[in-house]
Amino acid sequence: AQECFVCGQSVSVKERNKRKSIGGSPMIMCPLPPLFSQISDDLRPVMGYMGGDAVTPHLDKFAASAVTFKYAYCQVGVCAPSRQSLMFAKRPDSSRIWDFGIHYRDVNASAVSLPQYFKQQGYYVHGAGKTFHDDKANFDIGYSWTEHKPDLKGFKQLKDLDRDMHNGLTATRNRIWSEEQYMDYIIASNSINGMRHAVQHNTSFFAMCGFRKPHRPWGGLPEVFRMYDHNVTLHLPPRLTPPEAAPTVALGQEIPSIRAEDAEGNYMVYRTRDIWDPYPPAFVEEAQKGYYVVTTMMDRQFGRLLAAVEELGVADNTIIVFTSDHGYHLGDNGMWSKRHVFELDNRVPLIVYDPDLRPAAPYTTSLAQVELLDLFKTLADLAGLPAPDASLGIQGVSMANVIHSHAATSAAVIPAPKHYSFSQFMRCKEADGTYDLVSPKCSDDFTKWVGMMGYSVRSSEWRLTLWVPWDTDQATGNWTGCCASDMFPMELYDHRQDGDFGLQMQPELVNIAGVDDPFLQNVRSELLFVLMQQFGPASLWA
């Protein structure tokens, strides 16, 4: 589900810097700047400008004049908790939101969300589509929005397209016949109407548009499927079975069955019997094709939103952000969907455009580490708003200075406020001691059944993941005995040889945490210390 934020009137950087705080109260001395941001659902970086297979002309053109972050990561690889981490700028261990089933304000009643903060600063805040998650309580009505169009009909359309969507994945060619009936078309139209309302009333606005694609099911227009059939070459994952030497707790299959429809209209159905039983390559290609088709259709709606910003006369003043809530597996390492702490679950596209800070070179790629929870402070900073009060407990850092630097130099390596990104995901424990990816017990009350939490740290060259036993009574990791015993499975993956973006063709193939090598031992020790500083008790590292 993509989301877009657009906030209202034009100002220059010089004017923004005139804003001062008098007695702790912000004094706005100029109009608030427009800001438009879109977050997609289940979108891994497969777009054309990243060297991926997806046909995305609108995103490619947009990226040419913006800053693209190569190392952008979510904090938890599944929809609801990732969105809440982004919106409230808190890590799951801080917010106590690790999965579905808990409403944010039930445990964080006084928290202030990103759109709510802009609303407090005088913006007309408009939401459309899947912004938080598909639940009336989770839409945060009454707190975050001036107006919100959640599009629950779109959620019903998802179910109607594939009534087995929660038990499988479907790529189908013959259920969508016009773009106007497509749910993301309707969401984009709602967002455009919200922006138009604000412009007509000369009101500063922050519009957040949450697209639903490329979330499954993957039903798209027949002509888009035909384009991929005849004009696009898809690349299969280099490995269709789990990473070599990966611990069992790290693995899992969210989707027990997949259906894919080929060009002749024949359905191929494949049910997973074992994570180590690879899908046939021809089947993987057809299923991937469905994902890329709905990504292309999402790109078309993003293009409509960009065109609307032009039409409304705010294109030269509007800050624009594009990202995703988390990544996705497309048969890579034998896995589909998300709910892991691998690279493909947590890496997301992130593009930031500020008209006053256009990069010195086209298609500028920043090598700075950035996390989705950084967007709260970054967007407030770019808009020239006062920094959020420390009492709110907002985590993350502003990446505004990184964007400023790219406007002054074409160099990819510039000073950055952070060198690591962090993610996590839980595993539920069954009565027989095994770990289940999507346990019914976790769905009922995951706090009682979590067996381990996977904590992961990513540098520009390495990923280290440590699986920590979970104390269900205290709802925290039990680090006693860390970290030499078999009670703490560890993974280490080498990303030094990744390509330009290193995602589509370079999943984590071999776990080298157990390799007896002095250099790798030093890498493990360094990253383990960083990870324990972030997640572990002070007694481990102080």
Side-chain angles (χ1 to χ4, degrees), residues 70-77 85 89-95 98 243 245-247 249-250 340-343 345-347 367-374 393 395-397 399 402 413 415-427 450-471 474-498 502 508 510-542:
K70 177 177 180 179
Y71 300 113
Y73 295 92
C74 70
Q75 279 48 79
V76 55
S85 177
K90 290 188 178 181
R91 300 186 189 279
D93 279 6
S94 298
S95 68
W98 296 281
V249 70
H340 311 88
V341 282
F342 290 113
E343 181 82 358
D345 300 271
N346 296 301
R347 195 166 180 177
L367 301 182
Q369 288 277 336
V370 60
E371 300 173 287
L372 288 185
L373 57 74
D374 296 327
Q395 297 173 331
V397 300
M399 304 300 290
V402 174
V413 180
K418 62 169 62 177
H419 302 286
Y420 304 98
S421 294
F422 301 93
S423 304
Q424 63 186 100
F425 204 82
M426 65 182 190
R427 281 290 177 266
V450 174
M452 278 193 165
M453 185 70 73
Y455 292 110
S456 193
V457 55
R458 177 65 154 90
S459 71
S460 61
E461 296 184 333
W462 306 91
R463 175 180 295 279
L464 182 136
T465 299
L466 184 72
W467 290 90
V468 178
W470 192 252
D471 185 331
Q474 301 297 320
T476 188
N478 181 0
W479 295 77
T480 304
C482 182
C483 297
S485 73
D486 292 338
M487 293 176 58
F488 297 86
M490 186 182 296
E491 303 167 74
L492 179 65
Y493 299 101
D494 186 350
H495 285 275
R496 291 175 297 173
Q497 302 303 315
D498 286 358
E508 292 157 337
V510 181
N511 175 22
I512 55 177
V515 175
D516 185 12
D517 176 86
F519 173 74
L520 293 180
Q521 288 176 354
N522 288 334
V523 172
R524 285 196 303 269
S525 297
E526 176 186 332
L527 292 177
L528 185 59
F529 181 77
V530 171
L531 184 140
M532 289 191 295
Q533 280 187 307
Q534 180 62 54
F535 295 110
S539 59
L540 286 175
W541 53 267

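Residues take their numbers from the sequence shown, with the count starting at 1.
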Rounded distance (nearest 0.5 Å) linking atom CD of Glu343 with atom OG of Ser456:
8.5 Å
Kindly give the heavy-atom pair with the smallest separation between Asp471 and Gln474, and that separation in Å.
OD1-N, 3.1 Å
Would Arg91 and Asp93 count as a salt bridge (Lys or Arg N to Asp or Glu O under 4.0 Å) here? Give the steps.
CA-CA 6 Å; Arg91 300 186 189 279; Asp93 279 6; over 6 Å; no
Identified side-chain contact (heavy atoms from CB on, under 4.5 Å) counterpart of Leu466 within the set Val457, Val341, Leu528:
Leu528
Would you say the side chain of Pro469 lies within less than 4.5 Å of the side chain of Phe488, judging by non-hydrogen atoms?
yes
Main-chain N/O of Tyr73 paired to Arg458 side chain as donor or acceptor, under 3.5 Å
no
Do Asn511 side-chain atoms and Leu492 backbone N/O form a donor-acceptor pair below 3.5 Å?
yes
Hey, does the side chain of Arg427 reach the backbone of Met453 with a donor-acceptor pair shorter than 3.5 angstrom?
no
How long is the gap from CG on Asn478 to CE on Met487, to the nearest 0.5 Å?
6.5 Å
Sub-3.5 Å donor-acceptor pair from the side chain of Ser421 to the main-chain atoms of Gln369, do we have one?
no
Side-chain touch Met532/Cys482, heavy atoms, less than 4.5 angstrom
yes
Nearest-0.5 Å distance, CH2 of residue Trp98 to CZ of residue Phe425
13.0 Å
One thing to verify: whether Glu491 and Arg463 come together as a salt bridge, which I'm taking to mean a side-chain N less than 4.0 angstrom from a carboxylate O.
no
Minimum heavy-atom separation for Tyr493 and Ala246, please, with both atom names.
OH-CB, 3.9 Å
Kindly indicate, with the supporting measurements, whether the criterion side-chain contact (heavy atoms from CB on, under 4.5 Å) is fulfilled by Met490 and Leu464.
CA-CA 7 Å; Met490 186 182 296; Leu464 182 136; 4.0 Å; yes
Has Gln75 got a side-chain atom pairing as donor or acceptor with Leu373's backbone, closer than 3.5 angstrom?
yes
So which atom in Ser423 and which in Cys74 form the shortest heavy-atom distance, rounded to 0.1 Å?
OG-O, 2.7 Å
Are Tyr455 and Phe422 an aromatic pair, judged by ring center distance below 6.0 Å?
no
Hey, are the side chains of Ser85 and Leu372 touching, using non-hydrogen atoms and a 4.5 Å cut-off?
no
Are the side chain of Asp374 and the backbone of Glu371 linked by a donor-acceptor contact shorter than 3.5 Å?
yes
Once rounded to the nearest 0.5 Å, what's the spacing between atom OG of Ser95 and atom NZ of Lys90?
7.5 Å
Mind checking the OH-OG spacing from Tyr420 to Ser460? Nearest 0.5 Å is all I need.
8.5 Å
Just verifying a value: how many Å separate Tyr71 OH and Ser459 OG, rounded to the nearest 0.5 Å?
8.5 Å
Would you find more than 12 non-hydrogen atoms of other residues, nucleotides or ligands less than 6.0 Å from Asp517 atom CG?
yes
Glu526 and Trp462: side chain donor to acceptor below 3.5 Å:
no
